[in-house]
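As the structure lists them, so they are numbered: ligands from 1, and atoms in each ligand from 1. As a basis for the values below, the full set of heavy atoms in this structure was taken, side chains included, without hydrogen atoms, waters or symmetry mates.
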Amino acid sequence: MNVLKQLRDQFESALNSYTDEAPHFAAMIKPAGDPKFGDYQANCAMPLAESIGKNRRELAAELVASVDLDQLCQPLEVAGPGFINLTLRDDWLETAVNNLVNDKRLGVEPVAQPRNFIVDYSTPNVAKPMHVGHLRSTVIGAALYRILGCLGHNVVGDNHIGDWGTQFGMIIYGYKNFLDQSAYEEAPVLELSRLYRLVNQLSDYHAAAAELPQLRETLTEREDALTAAQQDADPKDKKAKKAVKQLNNQVVGLRDKIQAAEKKIATVDGDAKLKALADADPQIATAARNETAKLHAGDAENRALWDQFIPLCLEALQSVYDRLEIHFDKSLGESFYQPMLADVVADLQAKGIARESEAAICAFVEGFEAPFIVRKTDGAFTYATTDLATVKYRIEELKADSIIYVVDARQGDHFKLLFETVRKWGYTDVELQHVSFGTVLGEDKRAIKTRSGDPISLTWLLDEAVDEAYKIISQNDDAKPNGAELDDVERQRIAEIVGLGGVKYADLHHNRESDYEFNLKKMLATTGDTATYMQYAYARVCGILRRAEVDRESLRQSGATIQLSHNAERQLVLALLRFPEALAQAAAEYRPNYLTDYLFKTAGVFSGFYEHCPVAKAETDELRNSRLLLCDLTARVIAQGLELLGIHTSERM
Ligand code: ARG
């Protein structure tokens with residue numbers, strides 16, 4: 001049962017007599033920021049009074065008189081200019097929390113109207129090793145997948161893998177020209193990714209060499225313009241100042257570009273073997289592109305190679321998914337949609353949504369200069385065409401009501417163009433959401449990379465996290481007052497849980513739109529908002545129950561009840577009852593950090609309870625059982641909340 005929803009529903013009916021926007025005003029009921037204002041606060045009377053021209057306090061009083069919350073709340077109070085303070089009744093809290101004792105769902109009721117969700121997540125481009133950028137999509141997407149499912153929606157997790165892109169041209173070209181047969185036999189995906197990187201590097205080398213003179217020329221020109229602008233600029237002229245700033249940005253940008261190009265050239269020039277390969281093959285980029293074109297045109301040899309590579313790539317991906325316990329219902333990659341693309345373009349053209357422009361076929365969206373290209377000049381279909389076909393398939397075949405794309409913020413424009421085009425195409429009812437997220441940064445505050453400039457491999461990173469977790473667990477265990485409790489097998493098992501949990505939690509507890517710095521020490525810290533802290537909090541609660549020698553299941557069945565005898569208990573009960581609220585909130589905005597926030601706060605409230613309310617040494621047996629039940633419930637809420645985020649717990653740590 002979702003308390004906030006009940007309160008809002010009640011207010012909504014009352015608000016209906018005053019406004020057509022009752023849900024908007026009802027949404028202004030929020031948990032109270034300060035307990036002295038009660039448990040919840042309704043701040044809707046003031047803005048509503050403003051908009052309908054009524055006295056604020058009078059309206060608040062009328063609302064109070066018309067809602068029916070006597071069972072749930074103590075008499076409502078109007079405060080200040082028209083705030084309504086809501087305090088839940090203790091007897092109601094007791095009944096509600098006792099209903100949770102034997103409720104496996106911890107009060108989470110399935111939604112009244114389940115929707116068909118497609119969650120598009122993880123979606124790496126295969127044949128390149130999966131990197132940390134894909135981790136965010138995978139972890140956030142999997143959490144949303146579980147949360148929506150737990151709320152009773154029908155959810156299809158779909159891994160829209162990039163299995164048809166230009167990387168295959170590079171790999172095929174590399175395979176035909178540079179294959180190390182024995183390396184391929186030993187570790188095929190490693191060899192394929194070496195080939196990909198090699199061909200990419202050689203192509204980049206020639207591209208950099210070709211573009212460098214022009215870049216340098218432009219730089220000189222911009223530098224001169226900057227000097228001139230700086231000399232002329234009147235310090236009071238805002239426009240001139242802005243122009244100087246713009247020129248300066250251009251100069252900095254160009255210098256960065258030149259530096260990057262020079263670095264690419266120097267790396268190859270400095271390696272005799274690479275240099276020889278580069279010199280022997282100046283047209284490598286075109287050659288690789290031709291291999292892609294041949295594959296897309298159905299060339300038998302390239303198709304056979306693709307058929308040979310794909311299962312190997314998928315197997316390598318699967319090992320990462322197995323380790324992270326990620327599940328998909330479907331993995332309909334880009335290749336799946338290829339047979340549909342010609343029809344999509346024809347249909348868009350027939351409906352006047354796409355038209356020819358500079359020999360390409362494009363849709364145009366108001367407010368966007370860039371066209372949404374669905375067929376390139378050379379006839380090739382694009383990422384956009386594939387996504388359009390995918391939406392159509394998901395709506396028509398998979399009966400989607402909502403499609404959510406858990407994808408890097410840098411693809412924001414792509415999704416805006418996609419969604420607008422889909423609307424014009426006639427699919428107006430489906431919900432389309434880009435659940436975007438920021439970049440994972442390295443210590444230098446730039447997108448995380450290895451020293452050589454390659455993306456960090458996910459497997460390496462997970463291993464590092466588990467190694468670091470092992471150290472922390474061993475240290476903590478060795479420091480226990482009565483000596484270590486865990487043998488090495490146990491420590492390893494917990495290190496896996498803590499290491500992977502730490503990485504996942506770090507990804508989830510940030511506002512997903514922000515960039516964040518990848519810092520293992522911070523991620524695995526035992527204090528602060530980390531999985532490690534939450535996992536220790538859980539183990540601590542389990543320790544209390546273990547030392548009290550209670551069998552948790554029998555205790556729940558015993559008929560013992562939770563009673564409120566202290567404000568710290570009341571706070572804990574209130575927190576535990578708000579689990580469904582946190583899930584609903586996380587689902588409503590596709591933000592798993594609402595759930596981590598909730599869990600972190602609940603762990604804090606538990607600490608307050610444990611400080612003030614002796615459990616094992618409670619004054620009476622009744623009180624002892626009541627508090628043990630509260631410990632049990634806290635442990636269950638933390639464990640279930642973390643499970644929904646894909647994070648395991650251990651009763652001992
Ligand atoms: N494979 C793409 C990439 O790695 C992401 C695909 C996201 N999903 C989609 N339907 N476009 O950039």
Side-chain angles (χ1 to χ4, degrees), residues 117-142 144-145 155-171 193 196 200 292 309-310 313-314 316-317 320-321 326 328-338 340-341 344 363 372-374 381-398 400 402-422 425 427 430-440 447-449 454-458 507 512 590:
F117 274 93
I118 311 281
V119 185
D120 180 308
Y121 69 108
S122 192
T123 63
N125 296 326
V126 303
K128 300 183 196 172
M130 204 165 160
H131 64 79
V132 48
H134 293 119
L135 180 70
R136 290 210 82 183
S137 174
T138 309
V139 169
I140 296 171
L144 293 174
Y145 173 83
V155 195
V156 172
D158 186 9
N159 191 4
H160 184 77
I161 45 183
D163 57 359
W164 199 244
T166 49
Q167 78 268 32
F168 280 101
M170 301 204 194
I171 293 163
S193 70
Y196 166 76
N200 203 20
T292 309
F309 298 156
I310 285 290
C313 299
L314 295 184
L317 279 182
V320 176
Y321 293 140
I326 301 294
F328 299 101
D329 303 293
K330 300 199 178 293
S331 288
L332 300 177
E334 292 176 4
S335 64
F336 175 79
Y337 296 97
Q338 294 317 301
M340 309 171 199
L341 302 187
V344 167
F372 200 43
I373 303 175
V374 293
F381 301 115
T382 64
Y383 184 53
T385 332
T386 311
D387 255 334
L388 285 162
T390 309
V391 173
K392 183 178 159 79
Y393 182 85
R394 286 173 175 168
I395 296 173
E396 290 178 2
E397 304 300 320
L398 305 179
S402 295
I403 309 177
I404 66 172
Y405 297 86
V406 188
V407 184
D408 195 310
R410 284 171 285 195
Q411 294 194 29
D413 279 353
H414 166 75
F415 285 108
K416 281 189 195 127
L417 288 164
L418 174 68
F419 298 167
E420 282 298 316
T421 309
V422 167
W425 205 9
Y427 299 110
V430 70
E431 177 196 0
L432 300 165
Q433 282 286 349
H434 177 197
V435 176
S436 75
F437 54 79
T439 308
V440 185
I448 191 168
K449 294 234 158 77
D454 293 327
I456 299 235
S457 123
L458 199 53
D507 236 359
R512 59 178 160 72
Y590 307 116

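Using a 4.0 Å cut-off between charged side-chain N and carboxylate O, R136 and D507 make a salt bridge.
No side-chain donor from either of Y405 and D387 sits under 3.5 Å from a side-chain acceptor of the other.
Taking the six-membered ring for Trp and the full ring otherwise, Y145 and F328 have centroids separated by 6.0 Å or more.
Proximity of a side-chain donor or acceptor of T385 to a complementary backbone N or O of T382 within less than 3.5 Å is detected. Between the side chain of D163 and the backbone N or O of E334, at least one donor-acceptor pair lies under 3.5 Å.
Near ligand 1, D120, T123, N125, H134, H160, Y383, D387, Y405, V407, Q411, F415 each place a heavy atom less than 4.0 angstrom from the ligand.
Closest of all the heavy-atom pairs between A409 and S436 is CA-CB, 3.8 Å.
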